[in-house]
Amino acid sequence: MFASERDMLRAFLDYHRATLAMKCEGLTDEELRQQSMPPSTLSLLGLVRHLAEVERAWFRRVFEDNDAPMVWSDKVDFQAAYDAGTSTREEAFAAWEAEVEHSRRIERAAASLDLAGYQPRWGEEVSLRRVMVHVLLEYGRHNGHADFLREGVDGSVGA
């Protein structure tokens, strides 16, 4: 298959988004909140919440509103999203899906991957290309965590 750089980045990013959702399929809220081995407090629901923050921080805050608030934190604290102790699938997935759709709108509206936005945490401009690659890498890393978390919930390998 041949595709443009942009189409490939979009496809890989959507693949990883779908992978995260698949790793959570069929699980109850309690199972989604089940934490990894101590001292880690990581859970599948925490990953969904965290990736909602990642989408917001890297698309919405960079290209639209540098001061857009985080979803689960009053300050820029990506760790706060991991605390899914009282969260539900409905709440976490609604926020994540809304941020994914917002990110897709921003990406599709951009004239090119060279669109520049301002990354307030770094204090510098970044391209849409860099944002897409960064978010893709975030999903890849966290989907690896999701494999182990899913195994811990139902004993499946590569669910």
Shortest non-hydrogen pair, Gln34 vs Ser43, comes out as O-CB, 3.3 Å
Rounding to 0.5 Å, atoms CG (Leu45) and CD (Glu30) come to a distance of 12.0 Å
Are Tyr15 and Leu20 in one and the same hydrophobic cluster, where Ile, Leu, Val, Met, Phe, Trp and Tyr link if side-chain heavy atoms are under 4.5 Å apart?
no
Short question: side chain of Arg49, backbone of Ala95 - any donor-acceptor pair under 3.5 Å? no
In short, Gly26 meets Glu31 closest at the heavy-atom pair O-OE1, 4.1 Å
In terms of heavy-atom contacts, Val62 and Ala57 come closest through CG2-O, 3.5 Å
Notebook entry, point to check: Taking C-beta and beyond as the side chain, do Val54 and Val135 meet within less than 4.5 Å on heavy atoms?
Noted result: yes
request  = Could you label the plane-to-plane angle of the Phe59 and Phe63 rings as parallel, tilted or perpendicular, counting under 30° as parallel and over 60° as perpendicular?
outcome  = tilted
Interatomic distance, CZ@Arg60 vs CD@Glu99, rounded to 0.5 Å, equals 4.0 Å
In short, Thr86 meets Arg33 closest at the heavy-atom pair N-CD, 4.4 Å
What one should report as the nearest heavy-atom pair of Lys23 and Leu44 is O-CD1, 3.9 Å
Residue set satisfying side chain to side chain donor-acceptor pair (under 3.5 Å) with Glu97, at least two apart, ordered chain then number -> none
Verdict with supporting geometry, Cys24 and Phe93, side-chain contact (heavy atoms from CB on, under 4.5 Å):
CA-CA 10 Å; Cys24 297; Phe93 272 86; 3.7 Å; yes
Residues Trp96 and Arg17: closest non-hydrogen pair is CH2-O, 3.3 Å
Interatomic distance, CG@Leu128 vs CG@Leu9, rounded to 0.5 Å, equals 8.5 Å
For Met70, is there any backbone N or O sitting under 3.5 Å from a side-chain donor or acceptor partner on Glu53?
no
For residues 105-117, the salt bridge (charged side-chain N to carboxylate O under 4.0 Å, His left out) pairs (sequence neighbours left out) are Arg6-Glu107, Arg10-Glu107, Asp114-Arg129
Here the gap from Leu47 atom CG to Arg141 atom CZ, rounded to the nearest 0.5 Å, amounts to 9.5 Å
The reported gap from CZ in Arg130 to CE in Met132 (rounded to nearest 0.5 angstrom) is 15.0 Å
Rounding to 0.5 Å, atoms CD (Glu5) and CG (Leu113) come to a distance of 5.0 Å
If hydrophobic clusters are built from ILVMFWY residues whose side chains come within less than 4.5 Å, do Val71 and Trp58 share one? no
List the atom pairs, with distances to 0.1 Å, where a side-chain N or O of residues 118-126 and a protein N or O form a donor-acceptor pair under 3.5 Å, not counting sequence neighbours.
{"unit_1": "Gln119", "atom_1": "OE1", "unit_2": "Arg121", "atom_2": "N", "d": "2.9"}

- prompt: Any idea how His50 and His142 line up, ring-wise: parallel (<30°), tilted (30 to 60°), or perpendicular (>60°)?
  reply: perpendicular
